[in-house]
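Along the sequence shown, residues carry numbers from 1.
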Amino acid sequence: MENQTRFHILVLSGLSDLPSLQLPLFLVFLLVFLMTLTGNLLIVLLICTDSHLQTPMYFFLGTLACLDMGYSSVTTPRMLFDFHTQKRFISIQACITQIYFILVFAVSELSLLAVMSYDRYVAICHPLHYIQIMHWKTCVLLVLGVLMISMVCSMVHVLLLLKLTFCSFQPLQSFFCDLPQLLLVSCSDTFINVLLILILAIFPGGAIFALTLCPYIIILNTIMKMQSKAMRSKAFSTCSSHLTVVFIFYGTGFFSYFHPNAKDHSSLDKMASVFYTVLTPLVNPLIYSLRNEIMKTSLKRALRQL
């Protein structure tokens with residue numbers, strides 16, 4: 001058996017190698033990060049302080065805003081640090097830790113989107129039983145279940161990663177520690193790791209995707225049968241915001257991990273990664289606030305009280 005040198009430090013390729021772009025990119029992504037935190041924190045504060053927004057739908061929306069802040073905080077500060085230092089070195093332990101939290105927030109957000117679809121299904125298709133079904137205790141248990149499932153799934157990946165040996169100094173073709181990228185620089189047998197990714201993506205992942213989209217088939221049928229044009233418009237408004245977020249998150253994620261040339265690490269792949277890790281947490285509060293009249297009214301009410 002050949003002797004292999006073990007590495008404890010990895011290199012991230014980053015978004016650009018040009019020194020002249022490091023400062024502009026640093027400023028742009030710093031602004032995006034601050035706007036992300038401000039927008040999502042504003043949504044959380046409005047939901048906590050405005051009694052009109054203290055309903056199950058807005059409770060889930062506030063939870064989504066918290067997940068977006070966490071998701072962005074796992075990737076963006078590290079990217080800003082690399083822009084500033086221009087070194088892009090990261091230890092194996094720090095890389096695996098980042099992967100764990102990325103998986104926790106990503107799986108939590110996907111699962112929460114499914115819960116929000118169920119909430120809209122109950123609200124539109126069974127409005128008379130909405131309060132009994134979506135009781136506060138039920139909502140809290142659903143969110144806790146989402147977090148527990150995401151932490152367990154992420155921990156399984158981490159435990160398998162800790163058994164791997166890394167002996168390649170090949171850079172990770174990303175600006176953050178991505179699970180498939182990390183497996184590519186391992187000199188251990190990663191068959192079990194790849195198999196676990198496929199199993200979790202196909203079965204639990206497929207179930208979550210189905211639970212997210214299937215309720216909207218019934219919802220659409222119910223909306224089309226509504227007599228009132230105003231009720232149809234209101235129902236379409238709340239559902240379209242949620243569906244927009246779903247398609248943005250799933251669309252960019254599928255492109256990054258499942259397009260045919262997955263091993264061809266082009267700049268287009270990195271831009272897709274930027275979109276679902278950095279920009280999606282920014283646009284989520286914009287989508288929900290700009291397309292939600294109740295949210296806009298609450299914001300105006302809060303501004304008048306200042």
> Which pairs count as side-chain hydrogen bond (donor to acceptor under 3.5 Å, both in side chains) when at least one residue sits in residues 123-151, sequence neighbours excluded?
Replying inline: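 Sorted result for residues 123-151: S108-S150, D119-Y130, Y121-H126.
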Working to the nearest 0.5 angstrom, can you tell me the gap between [X] [atom1] and [Y] [atom2]?
{"X": "N193", "Y": "K163", "atom1": "CG", "atom2": "NZ", "answer": "9.5 Å"}
{"X": "I90", "Y": "I9", "atom1": "CD1", "atom2": "CD1", "answer": "9.0 Å"}
{"X": "S241", "Y": "L286", "atom1": "OG", "atom2": "CG", "answer": "11.5 Å"}
{"X": "L80", "Y": "F29", "atom1": "CG", "atom2": "CZ", "answer": "8.5 Å"}
{"X": "S174", "Y": "L179", "atom1": "OG", "atom2": "CG", "answer": "11.5 Å"}
{"X": "L103", "Y": "Q98", "atom1": "CG", "atom2": "CD", "answer": "10.5 Å"}

Tell me, do [X] and [Y] make a side-chain contact under 4.5 Å, heavy atoms counted?
{"X": "C239", "Y": "I124", "result": "yes"}
{"X": "T297", "Y": "H52", "result": "no"}
{"X": "Q173", "Y": "P171", "result": "yes"}

According to side chain to side chain contact (heavy atoms under 4.5 Å, CB included), who are the partners of [X], at least two apart in sequence or on a separate chain?
{"X": "K87", "value": "T85, F89"}
{"X": "L45", "value": "L41"}
{"X": "L299", "value": "L42, L46, L303"}
{"X": "L37", "value": "F33, M69, S73"}

> Crowded around F101 CZ? As in, over 12 foreign heavy atoms under 6.0 Å?
Replying inline: no
>> Surrounding CD1 of I131 (heavy atoms of other residues, nucleotides or ligands, distance under 6.0 Å), is the total greater than 12?
In response: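 Atom CD1 in I131 is not crowded, with 12 or fewer foreign heavy atoms closer than 6.0 Å.
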I'd like to check the side-chain hydrogen bond (donor to acceptor under 3.5 Å, both in side chains) partners of [X]; sequence neighbours left out, ordered by chain and number.
{"X": "R88", "answer": "D17"}
{"X": "T76", "answer": "S72"}
{"X": "E109", "answer": "N284"}

> Does R78 have any salt bridge (Lys or Arg N to Asp or Glu O under 4.0 Å) partners at least two apart in sequence or in another chain, and if so, which?
Replying inline: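 Partners of R78 under the salt bridge (Lys or Arg N to Asp or Glu O under 4.0 Å) test: D82.
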>> My understanding is that only residues two or more places apart in sequence, or in another chain, count here; which of them pass salt bridge (Lys or Arg N to Asp or Glu O under 4.0 Å) with R301?
In response: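 Applying salt bridge (Lys or Arg N to Asp or Glu O under 4.0 Å) to R301 gives D50.
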What heavy-atom pair brings [X] and [Y] nearest, and what distance separates the two atoms?
{"X": "V44", "Y": "G62", "answer": "CG2-O, 3.8 Å"}
{"X": "I47", "Y": "Y58", "answer": "CD1-O, 3.0 Å"}
{"X": "N40", "Y": "T36", "answer": "ND2-O, 2.9 Å"}
{"X": "F175", "Y": "L15", "answer": "CD2-CD2, 3.5 Å"}
{"X": "C48", "Y": "Q54", "answer": "O-NE2, 3.0 Å"}
{"X": "L110", "Y": "Y250", "answer": "CD2-CZ, 3.6 Å"}

Side-chain ([X]) to main-chain ([Y]) donor-acceptor, under 3.5 angstrom:
{"X": "S188", "Y": "L164", "answer": "no"}
{"X": "S298", "Y": "I294", "answer": "no"}
{"X": "S117", "Y": "L113", "answer": "yes"}
{"X": "S233", "Y": "K229", "answer": "no"}

Would you be so kind as to tabulate the donor-acceptor pairs closer than 3.5 Å made by side chains of residues 201-227, with sequence neighbours excluded?
unit_1, atom_1, unit_2, atom_2, d
T212, OG1, I208, O, 2.7
Y216, OH, H242, ND1, 2.6
T222, OG1, I218, O, 2.9

>> Using the rule given for side-chain contact (heavy atoms from CB on, under 4.5 Å), can you reason through V140 versus L144, listing the C-alpha separation, both sets of side-chain angles and the distance that settles it, and then say yes or no?
In response: CA-CA 6 Å; V140 172; L144 289 177; 3.9 Å; yes
>> Exactly one of L172, L12, L10 should register a side-chain contact (heavy atoms from CB on, under 4.5 Å) with Q181. Which one does?
In response: L172
Are [X] and [Y] linked, directly or through other ILVMFWY residues, by side chains that come within less than 4.5 angstrom of each other?
{"X": "L195", "Y": "I99", "result": "no"}
{"X": "M116", "Y": "F247", "result": "yes"}
{"X": "I192", "Y": "V152", "result": "no"}
{"X": "V158", "Y": "I149", "result": "no"}
{"X": "L147", "Y": "V107", "result": "no"}

> Can you list every pair that meets disulfide bond (SG atoms under 2.5 Å apart) and has a residue in residues 55-115, with sequence neighbours left out?
Replying inline: C95-C177
> Could you walk me through whether V278 and M79 pass the side-chain contact (heavy atoms from CB on, under 4.5 Å) check?
Replying inline: CA-CA 10 Å; V278 179; M79 180 170 56; 4.0 Å; yes
>> Before you tell me yes or no, could you show the steps for F83 and L27 under side-chain contact (heavy atoms from CB on, under 4.5 Å), namely the whole-Å CA-CA distance, both residues' side-chain angles and the distance that decides it to 0.1 Å?
In response: CA-CA 9 Å; F83 283 140; L27 295 176; over 6 Å; no
>> I'd like to know whether H157 forms a side-chain contact (heavy atoms from CB on, under 4.5 Å) with I197, so could you lay out the CA-CA distance, the side-chain angles of the two residues, the decisive distance to 0.1 Å, and finally the verdict.
In response: CA-CA 8 Å; H157 281 294; I197 293 175; 3.7 Å; yes
>> Once you measure the plane-to-plane angle for F249 and Y276, does it fall in the parallel (<30°), tilted (30-60°) or perpendicular (>60°) bin?
In response: perpendicular
